[in-house]
Amino acid sequence: MTELSKNFEPQQTDNKWYAHWMEKGYFYSTPDHREPYTIVIPPPNVTGVLHMGHALNNTIQDILIRRARMQGKNACWVPGTDHASIATEAKVVGMLRERGIAKSSLSRDEFLSYAWEWKEKYGGIILQQLKKLGCSLDWKRTSFTMDPDYYASVIKVFIDLHKKGLIYRGKRMVNWDPMSQTALSDEEVIFKEIDSKLYYVQYLLTDGTGSITVATTRPETILGDVAICVNPTDERYTGFVGKEVIVPIINRKIPIIADEYVTADFGTGALKITPAHDKNDNMLGAKHGLKAIDTLDATGKFSSAELMDDAPSELVLSYNGIDRFELRKRIAEDIGALGQIQKIEDYKGQVGTSERTGAVIESKLSLQWFIDMQAFLEKNPEALESVMDDTIRFHPAKAKNTYNHWLENIKDWCISRQLWWGQRIPAWYDAERRFVVAATEAEAIAMFQEQFSISNAQLKQDEDVLDTWFSSWLWPMEVFKGISNPGNIDAAYYYPSTTLVTGQDIIFFWVARMIMAGYEYGNEQPFKDVYFTGMVRDKQGRKMSKQLGNSPDLLALIEQYGADAVRFGIMVSSPAGNDLMFDESALEQGKNFNNKLWNALKLLKMWEGRSNVDGQESTTESNFAVDWFANRLNQVKAEVNTLMDQFKLSEALKTIYSLIWDDFCSWYLEWVKPGFEQPIDAAVYQETIGYFTELLQLLHPFMPFISEEIYHLLDERADDLCVKLYAPLIPADEQVITDGELLKKVITALREARVKNNIKPKEPIQLFIQTAVKDRYRLLENILMKQVNASSIEVSDTFTQQGISLTVDTDKFLIISSQPIDTNAQKEALVKDLEHQQKFFESVGKKLSNEKFVANAKPEVIELERKKQADAAARMQAIEESLAELV
RNA sequence: GGGAGCAUAGCUCAGUUGGUUUAGAGCAUCUGCCUUACAAGCAGAGGGUCCGCGGUUCGAACCCGUGUGCUCCCACCA
């Protein structure tokens, strides 16, 4: 027997076991006759590092996949990363800048070779970090959304959807990120409340009869104004409609028009129309036949390029190159100098920002590629139906509402991005901007021949790449090459996947689109269950963020507490779909739990050499304890199964924790513990080892390292817990469970009596019991004696001595000790208990004498109330007898 | 502005179709113990107007209405 350390030392065991599991290839999966259980990881950004959100998400996936593996399913958890177009490109640009290289000085190919170099070097660190957490991923299947096959599948889907008329190219108002200089989808825009100012700008009428004042938050766009709009019912302005005003500074003459869109009671009731810079203005401009004048360039700086018709002044030209926010101040000042700013008010408004860069979004008219989502959904109505009718089950179900709302109000998806890192859009243009969509230039040339009768066309490929989510939505299929090589063995076996575990925040970005793609390309659901995790917050409920500095270093925590303790801490307080309030004290609890397990092991190791193989017969206390725990274990295993099937992982873990700590360690081990330096019965010892093994197996999905370690220390063996199959469930014997509960209750009550009467633990007592179920107590006697330190137990019909009396259920107990008895305190306690019982008895009695209750309640409920009443009566009688015996 | 959700012990949460609930657990707190696996522990205890108000019902933490307070999602009233 090797010497066991005082406490469990995870740092030494975690890496050892992970390496061992890898070496054995336990995480690798290939199709076979077994039922598959498939999870595809939500691919983290290739540039990412492990944070609390990942830890929560991946711990859950690992628990599910490990359990499936031990249930005999063919468990396959596919790892991988996402190329994360914007985020990665930004990182590479930053890296180049540090080296003194500007992106603009590079060709596309040069830039991409730097990007790949960077990806190879730094990408996927996060996957290595997942190993520290114990994640049992099938590393041979590691995928990347820019792998050659994956890339090809994305192009294939683009071409296919274009052919089906679901993808179109058009000039629309898009969300423009001036920092990364690309269009974004609506989902990538986050609205934030920002303090700004409302400027009241006066526009003079051309006929010299006065002016109209407009309230705007964006004076920098004034030079692009093409009209002033008022509500037709607004009496203040009835005389104005049809007249013209002069735009300050640029001196353009623009009409005053009327449209019901304008709300009279906001600002001055007059709205300036700038179709190039606002979605609603653009809509109004189109409706009223107004042109759009764009005064900002792609980087958000002023550009006079579209102002040439207005013969711009020196002042206007001097704005060129000024950033939009600086420009706002400048123009406001310059209009102020003209005396045409009436007032400036503080104003808090919603401003769209880029999810990735945080830059304030500009609405910009731009030629982009879109998916007609409405048409897509009409073609695939199952995408909505499957979720609403629980063909795809959402956990928690309330996420269905969110999903439903989004799909019912779905808008077109802008999928082109003005970036280089990503799948390049397979559209080919000639000099006259005619285009075809084709996978290769050769195909495109052939198509030009066919469509436009142009041979050997000189073509250029679209410069843009696709939105990252346009590749992610194929993830569950394409990790098995289901798009690039449809119907292959892996795809047929593993797809649709079993469970998806992801954050609620990407329900639209990702989950909804995967479901849509699933029905379009495979005509079935991509997964059966979706488990949504909440957000990880600090214990004050704040989001974790770099600015607040409240985001713990996960690897440091693993180093400090061990991976199992971290997993425990995360899981113990994270119900499905609810935010996780991360608190380091939960990790402490996890560490303590490790230690508890470790000490149980140490205890068994002490018994190992002292088991009595051929000696005395098993004692009855051991028999009952062994019998009880076997049943208790079966009972809890069934409970855990139910909880796991309902995805109540946190509850399941707490249930296992309590089974191990309370039932196994506090009760069972104490019940079978032999006297000091006494041998333990060999059969009992063997059973105990078996129970501990089963407990470790139950715990393994949650805490894989320590369970594997103890499993091997408990008994030298060749197999591993990691792949040990769960035994079939056996129903528990209720009578044995009930007897065990009674025993616990009696022990607790007697201990309480000892404490209250100042009987020292070491002082033995004599115990007398009056009970109607003598046989049951005979079974429990020896354990009871040991647990309450009784020198004798006598089951009799009457008590003949004075002592401390108490009742448990309807059984009466009398304790005789050398301590002097405080009769008054005894009486007081009994009277208090009696009063309590009486109150209860009366309330039940009241209920039972209520005719309406007896008439309306279900028979079994009435029966129950009768039983409660009878029990209370019996208890009252027992207490009264005890009181009478007290002189 | 529209929609969804939540409110139970100091904290984090369970509580299945209303009746085995006189509302439970973990953590924290308090008391006593270095008892021969474990003081990172053991034994025991205290702690709740189930957010307020009204209603339905024989019976409500649970169902309905309403008020209050939080959270999230959607929506560019300039």
Side-chain angles (χ1 to χ4, degrees), chain A residues 4 6-8 175 186 189 191 198 214-218 229 261-263 265-274 278-281 347 349-352 361 363 396 398-399 401-402 404-406 409 504-505 507-508 534-535 539 541 572-575 577-581 583 585-586 588-589 591-607 646 648 650-651 654-655 657-658 661 665-666 669-670 673 675-677 748 751-752 754-756 758 760-762 789 836-837 839-840 843-844 847 850-858 860-865 867-868 872:
Chain A
L4 294 173
K6 184 172 186 299
N7 295 321
F8 177 58
N175 308 298
D186 291 346
V189 178
F191 285 90
L198 198 53
V214 167
T216 179
T217 55
R218 305 201 56 199
C229 190
Y261 170 80
V262 180
T263 46
D265 41 0
F266 185 89
T268 63
L271 171 69
K272 72 187 197 68
I273 307 288
T274 321
D278 185 281
K279 262 183 202 163
N280 292 310
D281 287 15
Y347 182 75
Q350 298 281 317
V351 173
I361 294 300
S363 281
K398 66 182 177 190
N401 291 329
T402 316
N404 182 49
H405 184 260
W406 189 74
N409 298 285
Q504 286 163 323
D505 51 333
I507 186 167
F508 310 134
M535 198 173 292
K539 64 176 169 184
V572 80
S573 59
S574 65
N578 277 11
D579 287 351
L580 163 65
M581 307 288 178
D583 187 346
S585 69
E588 196 73 39
Q589 198 188 343
K591 198 171 124 188
N592 294 350
F593 186 37
N594 275 340
N595 200 41
K596 189 71 185 176
L597 289 160
W598 191 249
N599 278 299
L601 169 72
K602 276 161 64 180
L603 180 63
L604 295 203
K605 282 285 148 188
M606 276 179 57
W607 293 347
Q646 294 170 339
K648 292 181 177 175
S650 182
E651 290 291 304
K654 285 185 213 171
T655 304
Y657 173 84
S658 168
W661 197 302
C665 293
S666 294
L669 289 180
E670 294 299 331
K673 191 186 253 179
F676 184 52
E677 303 216 315
T748 303
R751 279 175 178 166
E752 185 191 344
R754 291 187 66 122
V755 168
K756 288 208 167 137
N758 293 316
K760 295 245 154 39
K762 281 185 176 163
N789 191 17
H836 185 72
Q837 290 301 322
K839 247 172 97 183
F840 178 63
S843 85
V844 176
K847 210 179 212 180
N850 182 337
E851 282 173 31
K852 287 181 177 171
F853 171 72
V854 181
N856 293 322
K858 282 181 269 181
E860 58 266 34
V861 172
I862 297 169
E863 193 48 48
L864 197 67
E865 293 298 319
K867 190 174 178 300
K868 280 195 214 168

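Every chain is numbered from 1, with letters handed out A, B, ... down the list of sequences. Bear in mind the structure is a predicted one, so any value in this text is a computation, not a measurement.
Taking the side chain of A:Thr216 as heavy atoms from C-beta on, and the options B:G44, B:A78, B:G5, the nearest nucleotide is B:A78. Of the candidates B:A37, B:G5, B:G19, the closest approach to any side-chain atom of A:Ala857 belongs to B:G19. Residue A:Thr402 places its side chain closer to B:C73 than to any other of B:G5, B:A37, B:C73. Residue A:Thr263 has its side chain nearest to B:C77 when only B:C77, B:G44, B:A37 are considered. Side-chain proximity of A:Glu651 to B:C13, B:A40, B:G41: nearest is B:C13. Of the listed nucleotides (B:G26, B:A40, B:C58), B:A40 has the atom at the smallest distance from the side chain of A:Lys591. Side chain of A:Leu669, nearest nucleotide from B:C58, B:A37, B:C13: B:A37. Closest to the side chain of A:Ser573, from the set B:C38, B:U22, B:U12, is B:U12. For A:Gln589, the side-chain atoms get nearest to B:G26 when compared with the rest of B:G26, B:C73, B:G41. The side chain of A:Val755 has B:G44 as its nearest neighbour among B:C38, B:C42, B:G44.
Residue contacts for A:Glu752: at a heavy-atom cut-off of 4.0 Å it reaches the sugar-phosphate backbone alone, with no base atom in range. Using a 4.0 Å heavy-atom distance criterion, A:Asn850 is classed as a sugar-phosphate-only contact. Within 4.0 Å of A:Ser843, counting heavy atoms only, lies no atom of the nucleic acid at all. Across all strands, A:Phe593 comes closer than 4.0 Å to no nucleic acid atom at all (heavy-atom distances). Using a 4.0 Å heavy-atom criterion, one finds that A:Trp607 contacts no nucleic acid atom at all. Here A:Tyr347 lies in heavy-atom contact (under 4.0 Å) with sugar-phosphate atoms only. Note on A:Glu863: nothing from the nucleic acid sits closer than 4.0 angstrom, heavy atoms only. Within 4.0 Å (heavy atoms only), A:Lys654 reaches sugar-phosphate atoms of the nucleic acid but no base atom. Residue A:Val262 is in base contact, counting any heavy-atom pair closer than 4.0 Å across all strands shown. Within the nucleic acid shown, A:Lys868 comes within 4.0 Å of sugar-phosphate atoms alone, with no base atom in reach, counting heavy atoms only. Using a 4.0 Å heavy-atom distance criterion, A:Cys229 is classed as making no nucleic acid contact.
Here, B:A14 and B:A7 have their C1' atoms 15 Å apart, quoted to the whole Å. Taking atom C1' on both B:C27 and B:U21, the two are 23 Å apart, rounded to the nearest angstrom. Comparing B:G3 with B:C58, their P atoms sit 35 Å apart, to the nearest whole Å. Rounded to whole Å, the separation between the C1' atoms of B:A45 and B:U20 comes to 26 Å. B:U35 and B:C42: their P atoms are spaced 14 Å apart (whole Å). Here, B:G19 and B:C64 have their P atoms 15 Å apart, quoted to the whole Å. Using C1' as the reference atom, B:G18 and B:A61 are 10 Å apart when rounded to the nearest Å. Between B:U56 and B:A60, the two P atoms lie 11 Å apart (nearest whole Å).
Scanning both residues, A:Trp607 and A:Leu669, for their nearest heavy atoms gives CH2-O, 3.9 Å.
In this structure, OG in A:Ser573 is found 7.5 Å from NZ in A:Lys654, a value given to the nearest 0.5 Å. Separation of atoms NZ (A:Lys673) and CE (A:Met606) is listed at 8.0 Å; rounding is to 0.5 Å. Interatomic distance, CD1 of A:Ile361 versus CZ of A:Phe191, reported as 9.0 Å (0.5 Å rounding). Atom CG of A:Leu601 and atom CZ of A:Phe8 lie 10.5 Å apart (nearest 0.5 Å). Distance check: A:Lys648 NZ to A:Thr655 OG1 gives 10.5 Å after rounding to the nearest 0.5 Å.
Within the shown strands, B:C74 is the pairing partner of B:G1 under the Watson-Crick or G-U definition, both distances less than 3.5 Å. Under the Watson-Crick or G-U wobble criterion, with both distances below 3.5 Å, B:G18 is left unpaired in every strand shown. Pair check for B:G44 finds B:C30; Watson-Crick or G-U wobble, both atom distances under 3.5 Å. In this entry B:U56 has no Watson-Crick or G-U wobble partner, no candidate having both defining distances under 3.5 Å. For B:A23, there is no paired base (Watson-Crick or G-U wobble, both distances below 3.5 Å). Applying the Watson-Crick and G-U wobble criteria (two distances, each under 3.5 Å), B:C51 pairs with B:G67. For B:U35, there is no paired nucleotide, since no Watson-Crick or G-U wobble pair has both relevant distances below 3.5 Å.
Taking side-chain N and O atoms only, A:Ser658 has no distance below 4.0 Å to OP1 or OP2 of B:A25. The side chain of A:Lys673 places an N or O atom within less than 4.0 Å of a non-bridging phosphate oxygen (OP1 or OP2) of B:A37. Between A:Asn856 and B:C58 there is a side-chain N or O to OP1 or OP2 distance below 4.0 Å. The side chain of A:Trp406 places no N or O atom within less than 4.0 Å of a non-bridging phosphate oxygen (OP1 or OP2) of B:C72.
Looking at which nucleotide of RNA chain B each of A:Asn175 and A:Asn592 is closest to, the 5′-most match is held by A:Asn592. Nearest-nucleotide positions on RNA chain B place A:Lys648 closer to the 5' end than the other of A:Lys648 and A:Ser666.
With hydrogens and angles left out, the side chain of A:Lys596 and the base of B:C38 share a donor-acceptor pair within 3.5 Å.
Classified by interplanar angle (parallel below 30°, tilted 30° to 60°, perpendicular above 60°), the ring pair A:Phe266/A:Tyr347 is perpendicular.
Counting to the nearest Å, the C1' atom of B:G18 and the CZ atom of A:Phe853 are 12 Å from each other. In this structure, A:Trp661 atom CH2 and B:C27 atom P are separated by 7 Å, rounded to whole Å. In this structure, CG of A:Asp278 is placed 7 Å from C1' of B:A78, rounded to the nearest angstrom. To the nearest angstrom, P of B:A37 lies 11 Å from CG of A:Leu604. The CD-P distance, from A:Glu588 to B:G26, rounds to 18 Å in whole Å. Rounded to an integer number of Å, the gap from CZ of A:Arg751 to C1' of B:U35 is 11 Å.
Under the stacking criterion of a centre-to-centre distance below 5.5 angstrom and an interplanar angle below 30°, A:Trp598 is not stacked against the six-membered ring of B:C38. Residue side chain A:His405 fails the stacking definition with respect to B:C74, as its ring centre and the base's six-membered ring centre are not both under 5.5 angstrom apart and under 30 degrees in plane angle.
At distances below 3.5 Å, at least one donor-acceptor pair connects side-chain atoms of A:Asn409 with backbone N or O atoms of A:His405. A donor-acceptor pair is defined here as one N or O able to donate and one able to accept, closer than 3.5 Å; no such pair exists between the side chain of A:Asn595 and the backbone of A:Asn7.
A salt bridge links A:Lys279 with A:Asp186: the distance from a Lys NZ or Arg NE/NH1/NH2 to an Asp or Glu carboxylate oxygen falls below 4.0 Å.
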